[in-house]
There are 2 protein chains.
Amino acid sequence: MTVTLADVAARAQVSPATVSRVLNGNYPVAASTRERVLKAVDELDYVLNGPASALAAATSDLVGILVNDIADPFFGIMASAIQSEIGGPGGRAGGERLAVVCNTGGSPDRELTYLTLLQRQRAAAVVLTGGAVEEAPHAAAVSAKLRKLADAGTRVVLCGRPPAPDTGAIALAFDNRGGARQLTGHLIGLGHRRLGYIAGPAERTTTRHRLEGHREALAAAGVEDDPRRTVYGHYDRRSGYEATLELLRRDPDLTAVVAANDSVALGACAALRESGLRIPQDVSVAGFDDLPFSIDAVPSLTTVRLPLAEAGARAGRIAMGREEPPPGGIATVRGELMVRGSSGVPRSS
Amino acid sequence: MTVTLADVAARAQVSPATVSRVLNGNYPVAASTRERVLKAVDELDYVLNGPASALAAATSDLVGILVNDIADPFFGIMASAIQSEIGGPGGRAGGERLAVVCNTGGSPDRELTYLTLLQRQRAAAVVLTGGAVEEAPHAAAVSAKLRKLADAGTRVVLCGRPPAPDTGAIALAFDNRGGARQLTGHLIGLGHRRLGYIAGPAERTTTRHRLEGHREALAAAGVEDDPRRTVYGHYDRRSGYEATLELLRRDPDLTAVVAANDSVALGACAALRESGLRIPQDVSVAGFDDLPFSIDAVPSLTTVRLPLAEAGARAGRIAMGREEPPPGGIATVRGELMVRGSSGVPRSS
DNA sequence: AACAGTACAGCAAGCGCTTTCTATACAGAG
DNA sequence: CTCTGTATAGAAAGCGCTTGCTGTACTGTT
């Protein structure tokens with residue numbers, strides 16, 4: 001039924017070993033022989049059996065990419081960039097590798113399960129994107145898993161995620177804290193003193209770092225940090241909408257809303273508009289990430305641009321061993337403050 | 001170094017066969033034995049070798065998902081929905097399968113290459129999303145590939161893509177033509193007679209169908225279809241921006257711009273605004289797809305909502321054999337016209 | 001008490017490929 | 001003309017798992 005290496009060998013009048021060598025191109029084969037083999041491959045429409053190769057060679061051409069939510073462009077952009085570098089068809093590399101994108105939904109359990117599945121597939125590399133969950137038992141379990149993967153020869157890269165010490169994983173961390181500091185600093189510089197903050201889920205590193213940066217900026221300017229001005233939610237539009245309503249309820253005189261990310265900021269904008277508040281005349285809004293749609297918001301969103309595609313591409317290259325890992329295995333990727341129409345001076349109070 | 005089935009067997013004092021059976025749970029094993037095996041597995045931290053299983057059992061737990069661009073939410077949403085149904089961790093199904101997401105970038109060559117790669121991995125199923133390329137040689141090559149995959153037992157599902165006759169592939173096609181007809185019909189009903197159309201790449205089925213629907217609506221209303229009012233581009237914001245400028249150049253009195261999709265529409269909005277035109281007072285704008293950000297545009301976008309998540313989920317279930325394929329292997333998924341703020345009556349001319 | 005039936009467990013033969021080691025052939029060196 | 005070196009091809013031993021078939025020990029029947 002299915003044609004195997006042996007069939008090709010028979011047709012080309014050579015041994016299976018030779019066919020294998022022609023296909024893998026890592027052993028001298030006479031040009032005439034190679035041609036004969038290739039012809040047979042073509043005629044029989046032969047397709048290598050991946051699992052068999054992987055078993056025999058003890059390697060696989062699968063690369064795992066873990067994301068929280070592939071429907072979110074934040075992850076989509078990184079995944080796309082990683083993919084383009086791991087040398088799938090059209091990629092730079094010779095070897096063609098397949099990207100296994102795993103949607104963890106932010107659940108630590110699923111993250112772990114996917115890691116095991118990838119380990120089972122003997123993945124060549126694994127890239128973890130997005131913030132980590134900061135619950136001790138899970139962090140430890142993930143670290144142990146990463147360590148094991150690394151020991152088994154799988155290259156592990158963290159993209160936009162803080163370093164995991166002693167795991168052998170390379171980390172490309174986003175400077176969330178610094179970005180947030182700049183962003184809130186910008187608002188304070190404009191004159192804002194009553195800023196609401198919409199944070200992400202409490203247990204995420206990303207959430208904590210951005211919030212810390214925000215608070216650092218407040219502290220640096222001597223602005224009181226009323227805990228009632230911070231609301232936790234999720235990284236989605238809906239959260240932004242609801243949290244903004246809540247913030248407004250708590251303090252109707254808010255002059256600015258700083259959101260955990262751009263989607264949240266968009267939700268905030270919607271809530272403000274529906275409350276009859278103008279942006280930025282009545283309330284300024286700021287996001288984070290600078291996703292493509294942020295510039296199309298009206299007014300366009302002041303935010304912190306994270307070089308998602310660049311970081312993803314770099315992570316991909318490192319995962320493929322095509323780029324030197326940063327010294328110490330850790331690099332910080334900075335964001336850039338993008339001042340746009342959604343932030344302005346506060347209304348005179 | 002790496003622990004194998006045999007190691008586990010030795011430690012549990014059973015044969016490798018028994019360990020395999022415990023792990024696969026498809027053969028009666030005494031409870032006490034099972035427990036002993038599981039304990040050994042745990043103690044040795046054993047992880048099954050995927051390629052070896054796949055080879056021996058001649059099946060794999062990989063599912064391929066082909067998308068044009070995973071960074072685009074249009075595909076991200078479908079991919080996410082498919083994924084959630086193919087029974088990865090947390091999914092409904094027992095077997096845990098990995099989704100291989102392949103970014104074709106819209107290139108037929110890469111599509112073909114990826115299909116071969118998936119065939120090589122003996123993927124359990126393959127879901128192709130997005131419009132197909134309509135170039136005869138490629139369409140034939142893809143069809144042949146799909147046929148071969150299906151013959152080899154891989155379930156093939158087309159999601160948001162027209163049927164591929166005689167390939168054994170199940171198709172869930174979007175009613176792009178009907179949606180476009182409704183959309184343009186809505187604009188005509190509002191009184192528009194000078195509508196610009198920004199199409200996608202000419203060779204895509206999606207592009208053609210949407211354009212045909214648009215023209216059908218024009219014809220039905222007896223509105224002249226000036227070919228100069230159609231500009232081709234890509235499915236991205238930038239294309240929308242440039243095409244709109246071009247349309248305006250060709251006919252400054254345009255009262256409406258119909259875009260190939262929402263991203264294009266956003267670009268169109270930006271171009272109109274920069275040209276000093278108000279939406280919808282001066283020019284109405286319409287998109288397609290109803291991606292999440294469309295509602296946050298100002299004014300929010302009139303568009304055709306495509307049930308991306310639902311279609312993806314269904315495709316996923318069919319791919320897993322968990323849902324009956326539609327009769328004839330073909331189903332049409334309709335869109336829903338969403339009338340929002342970006343469309344209004346034309347300025348009196 | 002002998003027999004069929006049932007429930008487990010093990011043996012061993014692959015699954016289709018890679019790769020080490022070995023064999024052969026010929027070219028040039030001495 | 002023999003000897004060594006180089007280039008290329010083949011033989012065969014696995015890689016780690018699954019599964020059909022073959023036991024073996026019971027349980028329950030008549």
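Here is how names work: the chains are called A, B, and so on, in the same order as the sequence lines, proteins then strands, and each is numbered from 1. Keep in mind that this is a model prediction, so the values were computed, not measured.
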Heavy atoms only: give me the nearest A/Val101-B/Gln83 pair and the separation to one decimal.
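Heavy atoms only, the tightest pair is O-NE2, 2.5 Å.
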Which heavy atom of B/Gln121 sits nearest to which heavy atom of A/Leu98, and what is that distance?
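Residues B/Gln121 and A/Leu98, closest heavy atoms: CG-CD1, 3.7 Å.
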Just compare [options] and give me whichever is closest to any side-chain atom of [X].
X: A/Thr4; options: C/dG16, C/dG10, D/dA9; answer: C/dG16
X: B/Leu55; options: C/dC15, D/dT19, D/dA9; answer: C/dC15
X: B/Ser15; options: D/dG10, C/dG10, D/dG16; answer: C/dG10
X: B/Pro28; options: C/dT18, D/dG10, C/dC8; answer: C/dC8
X: A/Ala30; options: D/dA11, C/dT18, D/dT8; answer: D/dT8
X: A/Asn24; options: C/dT20, C/dT18, C/dG10; answer: C/dT18

For atom [atom1] of [X] and atom [atom2] of [N], their distance in whole Å:
X: A/Tyr27; N: D/dG10; atom1: OH; atom2: P; result: 11 Å
X: B/Leu5; N: D/dT19; atom1: CG; atom2: C1'; result: 13 Å
X: B/Gln121; N: C/dG16; atom1: CD; atom2: C1'; result: 14 Å
X: A/Arg120; N: D/dG16; atom1: CZ; atom2: P; result: 16 Å
X: A/Asn26; N: C/dT18; atom1: CG; atom2: P; result: 9 Å
X: B/Gln119; N: C/dG16; atom1: CD; atom2: P; result: 15 Å
X: A/Arg34; N: D/dA9; atom1: CZ; atom2: C1'; result: 13 Å
X: B/Asn49; N: D/dC15; atom1: CG; atom2: P; result: 12 Å

Kindly indicate whether the side chain of A/Arg122 and the base of D/dG16 share any N or O donor-acceptor pair separated by less than 3.5 Å?
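Check fails, no donor-acceptor contact within cut-off.
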Any donor-acceptor pair under 3.5 Å between the side chain of A/Arg36 and the base of D/dT8?
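Checked by distance alone, the answer is no.
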Would you kindly compare A/Ala56 and B/Leu23 by the position of their nearest DNA chain D nucleotide and give the one closer to the 5′ end?
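Mapping each residue to its closest nucleotide by heavy atoms, the 5'-most match is A/Ala56.
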Indicate yes or no: at least one non-hydrogen side-chain atom of A/Leu118 is less than 4.5 angstrom from one of A/Leu66.
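They are in side-chain contact.
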Verify, without hydrogens or angle tests, whether B/Asn103 (side chain) and B/Ile70 (backbone) share a donor-acceptor contact under 3.5 angstrom.
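Yes; at least one donor-acceptor contact below 3.5 Å.
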Given 3.5 Å as the limit, does a donor-acceptor pair link the side chain of B/Asn24 with the main chain of B/Asn26, or not?
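It does not hold such a pair.
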Side-chain N,O (B/Thr18) to OP1/OP2 (C/dG10) below 4.0 Å:
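For B/Thr18, the contact criterion (side-chain N or O under 4.0 Å from OP1 or OP2 of C/dG10) is met.
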Distance below 4.0 Å between B/Thr33 side-chain N/O and C/dA9 OP1 or OP2
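For B/Thr33, the contact criterion (side-chain N or O under 4.0 Å from OP1 or OP2 of C/dA9) is met.
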Mind checking B/Val19 for me? I need base, sugar-phosphate or nothing, with any heavy atom below 4.0 Å counting as a touch.
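No contact.
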Within the structure shown, what part of the strands sits under 4.0 Å from A/Ala58 by heavy-atom distance: base, sugar-phosphate, or nothing?
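It contacts nothing in the nucleic acid.
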Going by distance alone, is a donor N or O of one side chain under 3.5 Å from an acceptor N or O of the other, for B/Thr18 and B/Ser15?
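Yes - a donor-acceptor pair under 3.5 Å links their side chains.
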Earlier contact from the 5' end, DNA chain C, for B/Ala31 and A/Ser20:
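The residue closer to the strand's 5' end, by nearest nucleotide, is B/Ala31.
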